[in-house]
Amino acid sequence: MGCVINRPAAAVRLTTRCLSGLAWLLVATALATAAEDAPTIGADRSLARFFERETRQLQEACLSDVRSMADWDAERPRAHAQLLEMFGLDAAAVTPATTDELAAVVTGRLTFEGEGSSGGCVVEKLHYQSRPGLYVTANLYLPRDASPEKPCPGVLYLCGHGRVVEDGVSLGNKVHYQHHGAWLAEHGYAVLMIDTLQLGEIEGIHHGTYREGRWWWPSRGYTPAGVEALNGLRGVDYLCSRPEVDAQRIGVTGRSGGGAGSWWAAALDPRVKVAVPVAGITDLQDHVVEGCVSGHCDCMFVVNTYRWDYPKVAALSYPRPLLLANTDQDRIFPLAGVMRTQAHVRRLYDLGGRPDAFGLVITSGGHADTQDLQMPAIRWLDAHLGMGPRLIDSAARKRFEPRELKVFDELPADERNTRIDQEFVPLAGPFEPPADQAAWRTQADQWLADLRAKTFAGWPATSAPPRGEELGSREGHGLVERTYRIESQADVELELVVVHRQGVGVPEVVVLDVVDQAGWQQLSVVREELFAARAEDLGEQAAALQQTLTEKSQVCAFFAPRGVGADRWNPDPKVHVQNRRRFLLLGQTWEGMQAYDIRRAMQAIRGVLSQTPGLEEVPLAVAAEGAMAVLAVYASLFEPPVSQLELSRVPVSHNVHAEAHAEGIAPPLLNVLKTLDVPQAAAMAASRGRVAVRHSDAKAFAYVLSVAEALGWPDEQMTLREGLRGGGSSGYPQELGKLCLPVVVPGGGAATGNGREGEGR
């Protein structure tokens, strides 16, 4: 990737990028393969300790400020708004939809005449739209004698993961759970049973990060739990619109995924007067530390922007009657987490003088739909929806053949279910160049604040440079290598490898080269050649690095952030996916925390320079490729400006549509697309110091060039290089290979950019 910076008097090569991607492929792969298979036990243990520590912090913070009902009364509106946001919803979502907006259509009607104590029921097959084109297929179970003159209580029944498919056609999970709707209707309730997005008649996606590789979901702030929450709210709207239903007596229940959906509905909608979530909630301790996340798809989790533990969701049901039901051997909703959750909720109900409004039922068994769980749920609904005590003398049974309950004969052509993940959460933009410098500063400051609050909230507060220790040093071929271990944060220790010529003195620049796993493995081959082989045995890349470093007054620091490099975690794809999902549950992304590691490496280098007489003014440059280039951009925004960012093969968007670009999708960063995208981040970086972009889609960086033109930046502030065409005017480079990136050195005439120290523009 040969990264060249031209100085007025002498060219200085950023040697860390002289090991080109194509040439790397020519390096012998034996050592790389050995590194691939190296034990990861130590790194995995450190990762486990990190997850334990982070989880404990969120546990201890959960509802810790609520010591009185006055505290909760003050906190509740804020918590309600935050939960909506973490679903990807806004205040309009809790505004009841009109009949026209629901666009409900009944497509058929079935009758069960009844038997024994059952009074029978009528089932309407229907669909409504929670948003235009977002269809919800449902069955409405009504008592046979239901009428507007004597409205009955309504129950929203939310289905768990019970897929029913016949001849390749999905009939919806409402078919799997039909016995619950039938029993309740046969005994006096109106029950709306709705399909979920993934398991409905129109099959959308729940398993985006679990198995579909849709890691752009976190960047968009999307979770299918948001769709399920909205569908439930609109289900309440539909129940309330029916004249046979008493809108003042609405309950919600469901099990497993439907239990989670019951929490969402009760937390968000005050029209829900009573809730019975069954086997649908546990806490972060179970999900993150004990690994229960691996048993759940993405519909079970919010985008944890505000870093909640799940008892806070449960608390939003207060003061309405709430029964928490679970079994004692449920492997994906373990009893320990259920009990921790109920302890939080119990404390709130006790504080408010409503202890009788909260109940807990634990029965024996695993994750199963049992009568032992059904009966307490029915009694709780009866008690709090005005049905009164009664004998339950019959079991819930399926009354209809599965295909009879199917809503659509033909799926609607205008459905958005199958692409709703690309449309559900609005994206920031369009982005226009600023009118002037003042407008730019205002915009950039707002972007930076939003990134810190909603994308990088999982970063710890940074103060002193990270602690570090030297692990060893070696010399060879006129070069010196020193290896350091730095502490990025508690339980995250990473290697920093520094290479320079012997007797380098005061270097003209220190270059931090951020590498990914492939880069680290390839670098390991070159390092072994440099410090173990004879001169005549040096490979092409080792020889090139040795020559450049001995000729130039430069220090190179190689760094791989957490999860890769010398501290790589278990690379097994299944393990890796679940580790990445653990970060999401903590209100982070793995890549977002890698960006923090890059910050810490920058701080470590600057800390050494500032404390070494004669080196205080040595500039720092950063070089990175691919996903690491994007992370380096974001990291640089929260540190004093660097003299230069040298970026290669930059993915140009965090969004799914970036699949059309050769470099693919930029790394996932929580909610980032609600604020900006890669070109806007690059523009902020370029406003603070020089940025050079190579081997990337130049058209995608047109926004940066438009900002440069609007603000009158010098030509060298932002450059697109090596065969790529710029998108601006005013002399911005458009020809092949133009290099105009002066290094900033003490006393030199080059400017460092328009930014400020720290979290600058």
**Prompt:** Heavy-atom count around Arg331 CZ within 6.0 Å, excluding the residue itself: above 12?
**Reply:** no

**Message:** If we ignore hydrogens and angles and just use 3.5 Å, is the side chain of Arg580 paired with the main-chain N or O of Val577 as donor and acceptor?
**Reply:** no

**Prompt:** Between Arg163 (side chain) and Asn173 (backbone), is there a donor-acceptor pair under 3.5 Å?
**Reply:** no

**Request:** Could you check Tyr141 against Tyr157 for ring-ring contact (aromatic ring centres under 6.0 Å, His included), going step by step and ending with a plain yes or no?
**Result:** CA-CA 10 Å; Tyr141 293 81; Tyr157 191 95; 9.4 Å; no

**Prompt:** Could you walk me through whether Asp677 and Ser653 pass the side chain to side chain donor-acceptor pair (under 3.5 Å) check?
**Reply:** CA-CA 6 Å; Asp677 206 347; Ser653 177; 2.6 Å; yes

**Request:** Indicate whether the side chain of Thr209 and that of Glu212 have a donor and an acceptor atom separated by less than 3.5 Å.
**Result:** no

**Item:** Close side-chain approach of Leu110 and Phe400, heavy atoms under 4.5 Å
**Value:** yes

**Prompt:** Do the charged groups of Arg214 and Asp298 touch, with an N to O distance under 4.0 Å?
**Reply:** no

**Request:** State, yes or no, whether a side-chain contact exists between Ile194 and Leu158 at a heavy-atom distance under 4.5 Å.
**Result:** yes

**Expected output: side-chain Gln443 to main-chain Gln446 donor-acceptor under 3.5 Å** = no

**Item:** Test applied, side chain to side chain contact (heavy atoms under 4.5 Å, CB included); reference residue, Cys62; option that passes from Leu284, Asp283, Thr341, Asp309
**Value:** Asp309

**Prompt:** Taking all non-hydrogen atoms of both residues, which atom of Leu585 and which atom of Asn304 are closest, and how far apart?
**Reply:** O-ND2, 2.8 Å

**Message:** Regarding Tyr189 and Asp382, do their side chains bring together a donor and an acceptor under 3.5 Å, going by distance alone?
**Reply:** yes

**Item:** NZ/NE/NH1/NH2 to OD/OE distance under 4.0 Å, Glu75 and Lys312
**Value:** yes

**No-hydrogen, no-angle side-chain donor-acceptor test under 3.5 Å, Asn671 and Thr455** = no

**Item:** Any donor-acceptor pair under 3.5 Å from Trp459 side chain to Arg452 backbone
**Value:** no

**Request:** Report, as yes or no, whether the 6.0 Å neighbourhood of atom CG on Asp414 holds more than 12 heavy atoms from other residues, nucleotides or ligands.
**Result:** yes

**Message:** Can you confirm whether Glu423 is buried at CD, in the sense that more than 12 heavy atoms of other residues, nucleotides or ligands lie under 6.0 Å from that atom?
**Reply:** yes

**Request:** Step through it carefully: locate the ring centre of His161, locate the ring centre of His206, and say whether they are under 6.0 Å apart.
**Result:** yes

**Request:** Hey, can you tell me if His367 and Phe333 have their rings parallel, tilted or perpendicular (30° and 60° cut-offs)?
**Result:** tilted

**Request:** Look at the rings of Tyr310 and Trp264 and say which category their plane angle falls in: under 30° parallel, 30 to 60° tilted, over 60° perpendicular.
**Result:** tilted

**Prompt:** So, are Glu166 and Lys406 salt-bridged, with charged N and O less than 4.0 Å apart?
**Reply:** no

**Prompt:** Under 4.0 Å between a Lys/Arg side-chain N and an Asp/Glu carboxylate O for Asp286 and Arg340?
**Reply:** yes

**Complete:** The salt bridge (charged side-chain N to carboxylate O under 4.0 Å, His left out) partners of Arg379 (sequence neighbours excluded) come to none

**Asked** Between Arg234 and Glu101, is the closest basic N to carboxylate O distance under 4.0 Å?
**Response** no

**Asked** Any Lys/Arg nitrogen of Glu54 or Arg307 sitting under 4.0 Å from an Asp/Glu carboxylate oxygen of the other?
**Response** yes

**Asked** Under 3.5 Å, is there a donor-acceptor pair linking the side chains of Trp308 and Gln82?
**Response** yes

**Request:** Scan side-chain atoms only and decide if Asn231 and Ser130 contain a donor-acceptor pair under the 3.5 Å cut-off.
**Result:** yes

**Asked** Quick one: does Thr107's side chain have a donor or acceptor within less than 3.5 Å of a partner on Val407's backbone?
**Response** yes

**Message:** Assess whether a salt bridge exists between Glu85 and Lys454, defined as any Lys/Arg side-chain N lying under 4.0 Å from an Asp/Glu carboxylate O.
**Reply:** yes

**Item:** Verdict with supporting geometry, Asp369 and His180, side chain to side chain contact (heavy atoms under 4.5 Å, CB included)
**Value:** CA-CA 10 Å; Asp369 187 9; His180 294 293; 2.8 Å; yes

**Message:** Tell me whether the rings of His654 and Tyr634 are parallel (<30°), tilted (30 to 60°) or perpendicular (>60°).
**Reply:** tilted

**Message:** I'd like to check the side-chain contact (heavy atoms from CB on, under 4.5 Å) partners of Leu89; sequence neighbours left out, ordered by chain and number.
**Reply:** Leu84, Phe87, Ala93, Arg131, Ala229, Leu230, Phe424

**Asked** Going through the distances and angles, do His187 and Trp183 end up as a ring-ring contact (aromatic ring centres under 6.0 Å, His included)?
**Response** CA-CA 6 Å; His187 294 82; Trp183 193 98; 3.7 Å; yes

**Donor-acceptor pair between Arg220 and Asn655 side chains, under 3.5 angstrom** = yes

Which pairs of donor and acceptor atoms, one on a side chain in residues 240-248, lie under 3.5 Å apart (sequence neighbours left out)?
from	atom 1	to	atom 2	distance (Å)
Ser241	OG	Tyr238	O	2.6
Arg242	NE	Glu244	OE1	3.2
Arg242	NH1	Glu124	OE1	2.6
Arg242	NH1	Tyr238	OH	2.7
Arg242	NH2	Glu124	OE1	3.2
Arg242	NH2	Glu124	OE2	3.2
Arg242	NH2	Glu244	OE2	2.9
Asp246	OD1	Gln248	N	3.0
Asp246	OD2	Arg249	NE	2.9

**Item:** Sidechain-backbone polar pair: Arg581 side chain, His296 backbone, donor-acceptor under 3.5 Å
**Value:** yes

**Asked** Backbone N or O of Leu405 within a donor-acceptor pair of the Asn139 side chain at under 3.5 Å?
**Response** yes

